[in-house]
Engineer: 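Below is one structure. I have some questions about it.
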Protein chains: 2
Amino acid sequence: MGIREVAAAAGVSITTVSDALNGKGRLPDTTRLHVREVADRLGYRPSAAARTLRTGRSGLLGLTTAMRSTEPFALTEFAWFAELVRSATATALDLGYALVVLPASSPHDVWGNVALDGTIVVDPVDDDPLVLELLRRGVPVVSGGHPGSTPVYGWVDNDHVAAVRCVLDHLAQAGAGRIGLLAAADGPGTGKGVAGYRAWCADRGVPPITEEYEARTPGAGRAAATRLLDRAPDAVFGLHEGCAAELLAAARARELRVPDDLLLACCGEGADPSVTSLSLQPALAGAWAVELLVGVIEDAGAGSLLPAQRTVPTRLSVRDSSTRR
Amino acid sequence: MGIREVAAAAGVSITTVSDALNGKGRLPDTTRLHVREVADRLGYRPSAAARTLRTGRSGLLGLTTAMRSTEPFALTEFAWFAELVRSATATALDLGYALVVLPASSPHDVWGNVALDGTIVVDPVDDDPLVLELLRRGVPVVSGGHPGSTPVYGWVDNDHVAAVRCVLDHLAQAGAGRIGLLAAADGPGTGKGVAGYRAWCADRGVPPITEEYEARTPGAGRAAATRLLDRAPDAVFGLHEGCAAELLAAARARELRVPDDLLLACCGEGADPSVTSLSLQPALAGAWAVELLVGVIEDAGAGSLLPAQRTVPTRLSVRDSSTRR
DNA sequence: GCTTTACGAAGAAACGTATCGCCCCATACC
DNA sequence: GGTATGGGGCGATACGTTTCTTCGTAAAGC
């Protein structure tokens with residue numbers, strides 16, 4: 001069931017079959033139709049492997065994330081990442097590509113066994129050896145989150161500083177004087193979020209009040225939330241998705257009412273409909289990263305030399321938890 | 001940077017390089033080491049495309065789900081499906097495969113452009129044309145959910161009837177007399193769940209009380225939950241993940257206390273820690289489906305003729321919402 | 001009548017790997 | 001001395017496409 005069988009059955013050469021099926025070459029419509037009809041009748045499907053070998057294009061995009069902890073797929077459990085992957089997959093398919101999610105490293109050499117047209121690296125570490133190796137091989141790389149000094153082809157990222165400022169300004173405007181911050185140490189964007197928070201505090205001349213925890217350690221979130229409330233803030237900002245539940249529980253245990261005694265805002269898509277939340281819009285990030293990557297792949301050569309960059313907007317949904325009655 | 005360059009640099013033939021790198025043939029360790037050293041120095045990576053063409057194996061597994069609604073990726077938003085995909089991805093990687101998620105149909109011919117060693121089809125419709133086409137091409141197919149009359153190589157599924165009975169028995173034992181059912185019409189496993197519910201009702205000689213809704217229609221869930229409570233049940237079972245929140249909200253609006261006035265149990269992983277929930281263990285389903293599929297791929301020939309089948313256990317977590325005080 | 005142009009189609013060379021079978025050269029054995 | 005034996009290595013082919021180049025023929029232009 002190769003192209004040869006089709007050629008034989010249609011009484012033409014394989015060149016003609018290839019041209020007819022791919023809309024290339026100079027062929028009268030009669031021939032084209034005839035070949036297509038024969039191919040259909042025989043149930044012919046071109047071999048993806050052979051096409052990939054010949055053209056150098058596989059139609060496959062990789063998506064990975066640098067491992068910060070030793071646990072593979074640590075980010076997977078953050079809804080932020082899951083949503084990014086979902087959106088990236090859908091966008092890739094729209095553009096005619098399939099997307100495969102790979103771990104940064106694995107016992108089997110998966111990276112060597114798939115031909116990738118390009119790769120998205122989410123939250124890369126500086127000079128990630130995996131990224132450098134990909135670039136060396138000529139595989140375009142686009143990063144989600146600022147790539148640091150790694151010379152990628154482009155990246156998408158939120159303006160974390162502005163986003164954090166937006167939330168903190170909102171809390172301050174709602175009457176907060178001492179705003180605390182709770183963050184998962186190994187979560188996405190923690191570094192920038194905390195930095196933005198500290199910068200804002202410095203601007204205002206107020207002391208920062210922060211607590212961090214390991215997301216993967218059971219109970220660590222609750223403990224950190226409790227520690228944070230120990231420091232008597234009148235508002236708290238949870239930088240990660242689990243934070244809202246932990247902070248609410250800790251507040252209840254302490255008989256603090258939200259929002260009366262404590263204002264609350266969190267990042268995330270706001271599973272709890274009463275909590276003010278800042279969405280980082282991971283779906284946009286995923287879609288744009290794919291668009292950027294596909295742009296690089298298909299422009300190859302004509303492309304601009306500068307890495308393309310897009311800033312993903314954030315959206316603050318103000319809910320009861322940060323509205324003084 | 002092909003195998004030829006390595007051969008030239010090492011002063012041997014490409015056969016020797018291939019054998020040395022793949023641990024085949026009869027070569028003294030000195031040669032093997034030498035070739036490997038040269039290959040490393042040159043940064044040689046075998047071409048996945050060429051290997052795939054030659055060996056007929058790509059190391060890629062597909063995962064798809066039949067489209068029930070017109071919307072692509074309808075199931076994606078069910079946490080059940082998302083978790084299944086996550087687990088399947090991880091398991092595939094453990095076994096040395098990468099997993100690519102594809103829509104049942106798409107404007108671009110993605111299925112034709114990727115070489116798949118096998119495919120998992122979640123909740124296939126009977127005699128799904130896509131599945132039949134894959135089987136015709138000789139691609140092993142394993143299904144998640146009973147495949148009906150489609151001659152797949154194997155499948156994994158929950159025992160839906162037993163699972164539903166387990167929940168209903170629990171509610172009855174907790175004192176429920178009139179148990180209602182709320183289900184998303186287009187959700188996974190709806191048909192079997194509802195059938196199991198009706199069978200249980202018939203066994204007990206009680207009338208079924210069911211309401212369904214379209215998961216994708218905003219407000220439909222709330223409306224259906226309200227309709228269900230209109231029919232005055234003293235316990236309700238939500239067959240899908242969103243049901244808990246909808247039922248709780250509807251109950252609150254009606255000033256019904258849970259569990260005092262209304263017992264509540266749902267399927268899903270129980271985002272709300274106070275709701276009794278039946279987990280279908282999608283992670284197990286995903287992992288097992290991959291294991292089955294890889295088994296079929298690697299056994300090819302020696303395999304048994306009967307399709308392999310595994311029943312995924314369910315787990316009922318009893319919480320406050322179904323515990324009479 | 002001879003050259004140009006255009007059209008229709010085919011030949012053949014890659015793409016980079018894996019592998020079957022073969023060859024050569026020692027050493028050992030009768 | 002002739003022949004098994006086995007280790008070490010290589011030549012050549014096939015996997016199934018895409019595409020560059022070439023070729024023949026017929027119509028059109030001078």
Side-chain angles (χ1 to χ4, degrees), chain A residues 1-36 38-39 42-60 96 109 111-117 137-139 298 300, chain B residues 1-36 38-39 42-60 109 111-117 137-139 300:
Chain A
M1 45 199 127
I3 202 177
R4 261 176 279 260
E5 271 101 317
V6 179
V12 295
S13 75
I14 63 168
T15 304
T16 303
V17 175
S18 179
D19 284 348
L21 263 32
N22 297 329
K24 307 208 166 165
R26 299 171 309 198
L27 296 177
D29 288 347
T30 58
T31 310
R32 233 175 258 283
L33 257 41
H34 174 227
V35 169
R36 291 201 174 136
V38 171
L42 264 47
Y44 164 75
R45 315 271 7 190
S47 148
R51 167 174 295 165
T52 299
L53 177 59
R54 177 62 228 233
T55 63
R57 298 268 293 266
S58 65
L60 247 39
D109 179 22
W111 287 94
N113 281 326
V114 265
L116 262 21
D117 286 349
R137 278 203 259 167
V139 178
E298 299 187 347
Chain B
M1 45 198 126
I3 201 177
R4 263 176 279 259
E5 272 100 318
V6 179
V12 295
S13 74
I14 62 168
T15 304
T16 302
V17 174
S18 178
D19 284 348
L21 262 33
N22 297 328
K24 307 207 168 168
R26 300 171 309 196
L27 296 177
D29 288 348
T30 58
T31 310
R32 232 175 259 284
L33 256 42
H34 174 226
V35 169
R36 291 201 174 135
V38 171
L42 265 48
Y44 165 74
R45 313 272 7 189
S47 148
R51 167 174 295 167
T52 299
L53 177 59
R54 177 63 229 236
T55 64
R57 297 268 294 267
S58 64
L60 247 41
D109 180 22
W111 287 94
N113 282 325
V114 270
L116 261 22
D117 286 349
R137 278 203 260 167
V139 178

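Here is the naming used below: chain letters follow the sequence lines, and residue numbers restart at 1 for every chain.
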Engineer: In whole Å, I'd like the distance from the CE atom of Met1(A) to the P atom of dC15(D).
Structural biologist: 12 Å
Engineer: Working to the nearest 0.5 angstrom, can you tell me the gap between Leu60(A) CG and Thr52(A) OG1?
Structural biologist: 8.0 Å
Engineer: Could you pull out every donor-acceptor pair under 3.5 Å between side chains of residues 2-13 of chain B and any protein atom, sequence neighbours left out?
Structural biologist:
unit_1	atom_1	unit_2	atom_2	d
Glu5(B)	OE1	Gly2(B)	N	3.1
Glu5(B)	OE2	Met1(B)	N	2.7
Ser13(B)	OG	Thr15(B)	N	3.4
Ser13(B)	OG	Thr16(B)	N	3.3
Ser13(B)	OG	Thr16(B)	OG1	3.3

Engineer: Tell me the interatomic distance from Leu53(A), atom CG, to dA14(D), atom P, rounded to whole angstroms.
Structural biologist: 17 Å
Engineer: Please report the interatomic distance CG(Leu53(A)) to CZ(Arg51(B)), rounded to the nearest 0.5 Å.
Structural biologist: 13.0 Å
Engineer: Would a 4.5 Å heavy-atom cut-off, applied to side chains only, mark His34(B) and Val38(B) as touching?
Structural biologist: yes
Engineer: Tell me what Thr52(A) touches on the nucleic acid: a base, only sugar-phosphate, or nothing, going by heavy atoms under 4.0 Å.
Structural biologist: nothing
Engineer: Who are the side chain to side chain donor-acceptor pair (under 3.5 Å) partners of Asp19(A), not counting sequence neighbours?
Structural biologist: none
Engineer: Find the distance Leu33(B):CG to dG8(D):C1' and express it as a whole number of Å.
Structural biologist: 16 Å
Engineer: Which atoms of nucleotides 22-24 of chain C (N or O only) lie under 3.5 Å from a protein N or O atom, and what are those distances?
Structural biologist:
none

Engineer: What does Leu27(A) touch in the nucleic acid at a heavy-atom separation under 4.0 angstrom: a base, only the sugar-phosphate, or nothing?
Structural biologist: sugar-phosphate
Engineer: Going by the rule side chain to side chain donor-acceptor pair (under 3.5 Å), which residues pair with Arg57(A) if we only count those two or more places apart in sequence or in a different chain?
Structural biologist: Tyr97(A)
Engineer: To the nearest angstrom, how far is Glu5(A) atom CD from dC15(D) atom C1'?
Structural biologist: 13 Å
Engineer: In Å, rounded to the nearest 0.5 Å, how long is the span from CZ of Arg54(A) to OG of Ser47(A)?
Structural biologist: 13.5 Å
Engineer: Would you give the length of the straight line joining atom CG of Asp109(B) to atom CZ of Arg45(A), rounded to the nearest 0.5 angstrom?
Structural biologist: 4.5 Å
Engineer: Between the main-chain N or O of Ser58(B) and the side-chain N or O of Asp117(B), is there a donor-acceptor pair closer than 3.5 Å?
Structural biologist: yes
Engineer: If every non-hydrogen atom of Gly112(A) is compared with every non-hydrogen atom of Ala48(B), which pair is closest and at what distance?
Structural biologist: O-CB, 3.8 Å
Engineer: Does the side chain of Ser13(B) get closer than 4.0 angstrom to OP1 or OP2 of dC10(D) through an N or O atom?
Structural biologist: yes
Engineer: Measuring from Arg36(A):CZ to Asp29(A):CG, what's the distance to the nearest 0.5 Å?
Structural biologist: 9.0 Å
Engineer: Distances under 3.5 Å only, N/O to N/O: pair up the protein atoms with those of nucleotides 18-20 of chain C.
Structural biologist:
unit_1	atom_1	unit_2	atom_2	d
dA18(C)	OP1	Asn22(B)	ND2	3.4
dA18(C)	OP1	Arg51(B)	NE	3.0
dA18(C)	OP1	Arg51(B)	NH2	3.1
dA18(C)	OP2	Ser18(B)	OG	3.1
dA18(C)	OP2	Asn22(B)	ND2	3.2
dA18(C)	N3	Arg54(B)	NH1	2.2
dT19(C)	OP2	Lys24(B)	NZ	3.1
dT19(C)	O4	Thr15(B)	OG1	3.1

Engineer: How long is the line joining CG of Asn113(B) and C1' of dT18(D), in whole Å?
Structural biologist: 14 Å
Engineer: Need the bend value for the helix from dG1(C)-dC30(D) to dC30(C)-dG1(D): angle between end axes, 5 pairs each end, nearest 10°.
Structural biologist: 60°
Engineer: Starting at atom CG of Asp29(B), determine the distance to atom P of dG7(D), rounded to an integer number of angstrom.
Structural biologist: 13 Å
Engineer: To the nearest Å, give me how far apart CZ (Arg4(A)) and C1' (dA14(D)) are.
Structural biologist: 9 Å
